[in-house]
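Read through the structure below, which is laid out as structure tokens, and then see the notes.
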Number of protein chains: 2
Amino acid sequence: MEVEPRENASSAPPPRRSDRTRSVILDVARRHFAAHGFERTTIRAVAADAGIDPALVIRYYGSKARLFDAALDITLRLPDLSGVPADHLAEALLRHFMVRWEHESADDTLLLLLRSAVTNDRAAERMREIFATQVAPGLGGPHAEKVGLIVTQLLGLALSRHLLRIPAVVRLTPGEILALYVPAVGGVFQLPRGREAR
Amino acid sequence: MEVEPRENASSAPPPRRSDRTRSVILDVARRHFAAHGFERTTIRAVAADAGIDPALVIRYYGSKARLFDAALDITLRLPDLSGVPADHLAEALLRHFMVRWEHESADDTLLLLLRSAVTNDRAAERMREIFATQVAPGLGGPHAEKVGLIVTQLLGLALSRHLLRIPAVVRLTPGEILALYVPAVGGVFQLPRGREAR
DNA sequence: TGAAAAAGTCAACACTTGGTGGCCTACGTT
DNA sequence: AACGTAGGCCACCAAGTGTTGACTTTTTCA
């Protein structure tokens, strides 16, 4: 696989001339996967969009599945909420994702992950991994048992506004969403810490 | 099921001998679409599962797309919330959908709609229609501008619990979800009626 | 300069898909 | 019983897919 034989004993592997092509392919592939999901994305379309031959995609990534895996190698850039007081957590969270998602040229990271995960088991598993390793630790601590429902609300928002594009949700301005939704997310945050025993 | 050309001038169209096959096909197709989405569902698989020849599917439904349309002809059985006082709306809503979704043999209606709509434009459009004609009117009235975010929360729950199966959400018991999530949904409901001008 | 290695192209493959038309069978009506 | 028709099956087609291997072009470097 292992597209990277490391011959260099030192830290960084030697740069290849094809690195640029590799990353172009990956970029284009990410856009296609985010826009159409796994099945409807064809290697031929990605290659055409990247201006190269379909065979190159296979050469560098082995297969469509492995290209998909590479595209799912995602690092969410989560905000640092360590200093935020509990009663402002909801607003800070929402505000952060709103500004990121609203902008046109925003990263497709979330769309890629969400759209893929709904119809593709591999992507769903990857999403759970990302949740466990990148999301839960950051928001964990005293709110451990609530993290799931916080994320649920954020995903719901992304889903209905950016994927399903439900008019009643699309119509709202960012300010309106903030005003209406912060109390909702806060409603989970501000519950008493220990819930009844399970 | 409303796949019935009405030739009969009287009330009921004449029953055909093939009606049973038709409905079997539609049932199986709904299950497949709900489980795998549009692209990954093949006519051959549906036919095999229904125990008939693939050609029959085309014969009765014309094409895969039209079979999909027929499968999307859905009537949500929404609860009647007219008599529920405002401060119990959230709980009533959540409780209703929880009991429907939790049960094993539950209807796949939501999964079908949700899973399809994320990768298929036709399904997304159908979902917006259903929202506009079946959901919004029922919840509308004084909460008109909030309906979108209420639905957002319900969809988010269905998404993370039943589609993505995020462990932190799956792990929760129905009672826990109710306890944690009712304040959230209520947080939207109980906002002052008129929000700042748009 | 020349040769080896890398980068990229091309044509073809095996396979799956949705879809079509012809054919056989079983039923219902007269 | 005969026959017309609807229900069902089979073989097949054309298009599109991921993937492969051989080939050509470009770069690298001794």
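Just so we're on the same page: letters track the sequence lines, and every chain starts at 1.
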Roughly, in whole Å, what's the span from [atom1] in [X] to [atom2] in [N]?
X	N	atom1	atom2	value
D53(B)	dC10(D)	CG	C1'	7 Å
L56(A)	dA7(C)	CG	C1'	7 Å
R59(A)	dG18(D)	CZ	C1'	17 Å
I52(A)	dA7(C)	CD1	C1'	11 Å
D19(A)	dA6(C)	CG	P	13 Å
R22(B)	dA6(D)	CZ	P	12 Å
R66(B)	dG19(C)	CZ	C1'	12 Å
Y61(B)	dG19(C)	OH	C1'	17 Å

Considering only [options], which nucleotide approaches the side chain of [X] most closely?
X	options	value
K64(A)	dG18(D), dG8(D), dT20(C)	dG18(D)
S63(A)	dA7(C), dG19(C), dT19(D)	dT19(D)
Y60(B)	dC10(C), dG7(D), dT20(C)	dG7(D)
I58(A)	dT20(D), dC9(D), dT9(C)	dT20(D)

Name all pairs fulfilling the side chain to side chain donor-acceptor pair (under 3.5 Å) condition that reach into residues 43-58 of chain A, sequence neighbours left out, sorted by first residue then second.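 Passing the test, one end in residues 43-58 of chain A: H32(A)-D49(A).
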
Can you tell if the side chain of D73(A) reaches within under 4.5 Å of the side chain of R126(A), non-hydrogen atoms only?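 The answer is yes, as the side chains (C-beta and beyond) meet within the 4.5 Å cut-off.
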
Are H162(A) and E102(A) side-chain neighbours, meaning at least one heavy-atom pair lies under 4.5 Å?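 With C-beta onward as the side chain, the pair touches.
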
Expected output is a numbered-order residue list: members of residues 35-46 of chain B with a heavy atom under 4.0 Å from any atom of DNA chain C. What is it?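 Residues of residues 35-46 of chain B that come under 4.0 Å of DNA chain C are, in numerical order, T41(B), T42(B), I43(B), R44(B).
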
Between S18(A) and dA7(C), does any side-chain N or O lie under 4.0 Å from OP1 or OP2?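 For dA7(C), OP1/OP2 do have a side-chain N/O of S18(A) under 4.0 Å.
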
Within the pair T21(A) and dG8(C), is there a side-chain N or O less than 4.0 Å away from OP1 or OP2?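 True: T21(A) side-chain N/O within range (under 4.0 Å) of dG8(C) OP1/OP2.
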
Which of these, T21(A), D27(A), V28(A), sits in a side-chain contact (heavy atoms from CB on, under 4.5 Å) with V24(A)?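 For V24(A), the side-chain contact (heavy atoms from CB on, under 4.5 Å) check succeeds only for V28(A).
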
Tell me whether L78(B) is reachable from L149(B) by hopping between hydrophobic residues (I, L, V, M, F, W, Y) whose side-chain heavy atoms are closer than 4.5 Å.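 Yes; L78(B) is reachable from L149(B) via cluster members.
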
Is NZ or CZ of K64(B) both nearer than 6.0 Å to the six-membered ring centre of F38(B) and within 45° of the ring axis?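 Pair K64(B)/F38(B) counts as cation-pi.
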
To the nearest 0.5 Å, what is the distance between CZ (F131(B)) and CG (L76(B))?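 So the CZ of F131(B) and the CG of L76(B) are separated by 11.5 Å.
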
